[in-house]
Amino acid sequence: MKKLLGLGLAGAVAFAGLATGASAQQKTLDTVKARGTVNCGVAPGTPGFSNPDDKGNWTGLDVDFCRAVAAAIFDDPTKVSFKPLTAKERFTALQSGEVDMLSRVTTWTLSRDSAMGLAFAGVMYYDGQGLMVPTKLGVKSAKELNGASVCVATGTTTELNLADYFRSNNMTYKPVVFEKAEELNAAYEAGRCDVYTTDASGLYAQRLRFKDPSAHIVLPEIISKEPLGPVVRQGDFQWFTLVKWTYFALLNGEELGITQANVADMAKSTNPEVKRFVGAEGEFGKGLGLTQDWAVRIIKGVGNYAEIYERNVGPNTPLKIARGINNLWNKGGLQYAPPIR
Amino acid sequence: MALADETRVPGAPRNSALDWLYRREGRQIIGQVLIVIILGAFLWMVVSNTIYNLQKQNIASGFGFWDNTAGFDISQTLIPYSATSSYGHAFWVGLLNTLLVSVIGIVFATIVGFSVGIARLSNNWLVARLATVYVEVARNVPLLLQLFVWYFAVLKNLPGPRDSIQLPGGSVLNVRGLSLPAPVPQSGAGMVLVAAIVGMVAMIALNVWATRRQRETGQPFGRLLPSLALLLGLPILAAALMGFPFTFDYPVLRGFNFQGGIVVLPEFIALLLGLVFYTGAFIAEIVRSGIQGVSRGQKEAARALGLTSGQMLKLVVIPQAMRIIIPPLTSNYLNLTKNSSLGVAIAYPDLVSVFSGTVLNQTGQAIEVISVTMLVYLTLSLSTSAFMNWFNSRMKLVER
């Protein structure tokens, strides 16, 4: 009954939002400035990406991206109001205007771009779907999983990839579909499923929350491409460009060696690329609807991409994920940003 | 005209063309027409605005997705379904799962409710107190919480597939559910089905005949045993004559899980237990109040006539109590059906989980999906209501 009520409410909100949202189009930035905070949809609990710490502060790669956007607009990374959303709720919340953007491990796909009115502003994290099993099962490869029960989250690309993978390998499986990570984890730990599947980074993250993380292994196969990135609504190019270039600024910052520690000194740099980055040359901030020092504000607020990565998911964090394909293009990875000029 | 004159506003001009405007009926009609116009304009505005904004935001609308490939699997399917089936197909799978747990839940909740309701009135101190404790606990703990308790209690206490509990008759119980042997009909099974249908028809005929005879002659007829013999005995006899034309598909441990047989999911068991335990408590209270609502004089009159206490309950108390019980009972049946949507929290693949969960998210068409879901629950509730109203009119006190 409560769920139904929630659904009805979600429907009503979506309906009301869509029915009255005409004037909200095109002007997300004005709305955000007037409100004084960025409403950012995040995952309710994925360590390393978005997770409240023991003091109730949100930490993670995804939430730091929300802070980067807030820093660019307000010169204050704390001006974010985080809205935890399950995978099922996220798109309706964005479509109806309840949040200004999503930064919650969301996979970029064609149908989301073409039929759902979403616009992906970039790929914060290149991921792929993995499978995790209890070590005591003795399974070494995903190919041995015929007939297994698989725990998966509802409303995700993961649910579809799983069906594709087993079908294309002529194997059967039994899905057990949950809405929230808490119940998913509890059911998997209670032995309801043989396999836990989600994005590989998510597997490492959720494993940290288990009673005995060492009793579970992630199988070597990666069964899909999962480019995860921030999402905005279609129809507001100014806002889309702002979010996109916030991401590019993080990457350019790393490429130019601009860090949270040295960003203040960089104002004196003679390097033309750095001069454009810090706003000493050109008028790039104006075009974005921001101030001249927009990129400096971002780096000052949250650091560059490398700093965000190392702080949240890198080798020195509990997740211990190497940069790999998320390294910069000139260091053998896929992260590449167009130049600021 | 005398009547019309009476409703005229005092002092209004007579015989004018606008005369009817000053009459009460005239004004009422104008008011109602205005309300309809305003309501219509509001609805039109909402709908056209929504369509405009959907198009502007480049969000697909309409029901074109209905026939597209779903691409996901569902753990419990009463009709054949695979990942290559359509979204429309997934909708029916979800709906049937909702109906399954609701119907079975209603049957068991009624049994639990009536037993506990009568137990609360028992003269046995312990029985009455135990029933009270059950009612108070079950009514006052939120259902969602109860579902988690049942689900994780069920999961925590059952062994893995390799250490399954073997039950008599080839059934197996483990954390993946209860696997029962599935009967596979062989040649001659058709005869058993025919016998079962004949038995059912004969039983109904017997009961109609017995009722009429009792009404006409006053002679009671012990109908329980003959009814049972017709309903169960006839098919069993037919099966014996045909040499038991069934084999069983026993669940066997193959790889990770037991394969074959009928599997009752732990999600289903937990949801059913939760719904029955919770709704049963409400029904118990309704039954108790219904029985207590029958006046003491009725019982005393029944005793004075020399009826046994069984006859008194069956012929005097229950028929009158039912009049009080049925209306609130109906709303509890409706609640149970709607509450079954909470199963989404414990991975039961009902309509809300499959359709307004996965399908909504894969298509992104919130308005269409939510509208259909609400329409389904509305239809289910109204049908239940209509049936119970019919039943209520049959049980009403016949006034002569």
Side-chain angles (χ1 to χ4, degrees), chain A residues 1-4 7-8 10-12 14-22 25 87-88 90-92 95-96 111-112 114-118 137 145-149 151 154-156 159-160 162-164 166-167 173-180 183-184 186-187 190-194 233-235, chain B residues 45-47 49-50 52-54 56-60 71-75 82-84 142-144 148 151-152 155-156 158-160 175-176 254-257 259 266-267 335 338-339 341-342 344-347 349 352-354 356-358 360-367 370-371 373-374 377:
Chain A
M1 187 61 198
K2 215 189 291 166
K3 280 276 141 122
L4 262 188
L7 270 179
F15 209 72
L18 289 163
T20 57
Q25 290 293 303
K88 194 171 123 176
R90 57 188 164 176
F91 299 131
T92 316
Q95 285 168 344
S96 61
S111 64
R112 288 172 179 178
S114 61
M116 290 165 73
L118 307 176
L137 214 56
L145 292 176
N146 194 12
S149 294
C151 279
T154 183
T156 54
E159 208 179 345
L160 304 180
L162 177 68
D164 285 354
F166 277 82
R167 202 167 68 203
Y173 74 104
K174 303 228 166 57
V176 186
V177 184
F178 289 90
E179 212 174 306
K180 294 212 174 101
E183 282 96 56
L184 192 59
R192 175 66 185 89
C193 311
D194 304 299
R233 279 181 296 278
Q234 285 182 15
Chain B
M45 194 193 78
V46 166
V47 170
N49 226 341
T50 304
Y52 172 78
N53 280 307
L54 283 175
K56 202 166 163 203
Q57 281 182 249
N58 200 8
I59 300 172
F72 57 90
D73 285 287
I74 302 175
S75 55
S82 75
T84 50
L143 178 56
L144 186 60
F148 285 136
Y151 186 49
F152 290 109
L155 287 191
K156 288 255 153 63
L158 290 175
V175 71
R176 307 283 156 80
R254 228 177 283 138
F256 294 97
N257 285 311
Q259 313 278 343
E267 290 82 32
N335 277 345
K338 288 179 283 182
N339 282 339
S341 62
L342 285 172
V344 65
I346 53 165
V352 169
S353 164
V354 170
S356 52
T358 304
L360 188 158
N361 221 266
Q362 303 301 355
T363 62
Q365 294 187 246
I367 293 177
I370 296 289
S371 310
T373 312
M374 293 201 292
Y377 277 97

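Each chain gets a letter, A, B and so on, in the order the sequences are listed, and its residues count up from 1. All values reported here derive from a predicted model rather than from experimental measurement.
- In this structure, chain B has a heavy atom under 4.5 Å from the backbone of A:Cys193, while its side chain stays farther away.
- Between chain A and the residues B:Pro159, B:Ser82, B:Ala83, B:Gly71, the largest count of heavy-atom pairs under 4.5 Å involves B:Gly71.
- The shortest heavy-atom contact between B:Glu267 and A:Arg192 is OE2-NE, 2.6 Å.
- Only the side chain of B:Phe152 has a heavy atom closer than 4.5 Å to any heavy atom of chain A.
- Taking the side-chain hydrogen bond (donor to acceptor under 3.5 Å, both in side chains) definition, one finds that B:Thr358 meets it with A:Thr154, A:Glu159, sequence neighbours left out.
- Under the 3.5 Å distance criterion, the side-chain polar atoms of B:Asp73 are left unmatched by any main-chain donor or acceptor of A:Ala163.
- For B:Ile59 against A:Met116, the heavy-atom pair with the smallest separation is CG1-O, 3.5 Å.
- For B:Leu143, no part lies under 4.5 angstrom from a heavy atom of chain A.
- B:Gln259 touches chain A through its side chain: at least one heavy atom from C-beta onward sits under 4.5 Å away, while N, CA, C and O do not.
- Looking only at heavy-atom pairs under 4.5 Å with chain B, the residue among A:Ala190, A:Ser149, A:Cys151 that has the most is A:Ser149.
- Although no hydrogens or angles enter the test, the distance criterion places no donor-acceptor pair under 3.5 Å between the side chain of A:Glu179 and the main chain of B:Ile346.
- Interface residue A:Asn146: only backbone heavy atoms are found under 4.5 Å from chain B.
- Here A:Phe166 pairs with A:Tyr173 under the ring pair (Phe, Tyr, Trp, His ring centres under 6.0 Å) rule; sequence neighbours left out.
- Taking both residues in full, the closest heavy atoms of A:Val176 and B:Tyr151 are given as CG1-OH, 4.4 Å, listed atom of the first, atom of the second, then distance.
- Within the 4.5 angstrom heavy-atom criterion, no atom of B:Leu158 approaches chain A.
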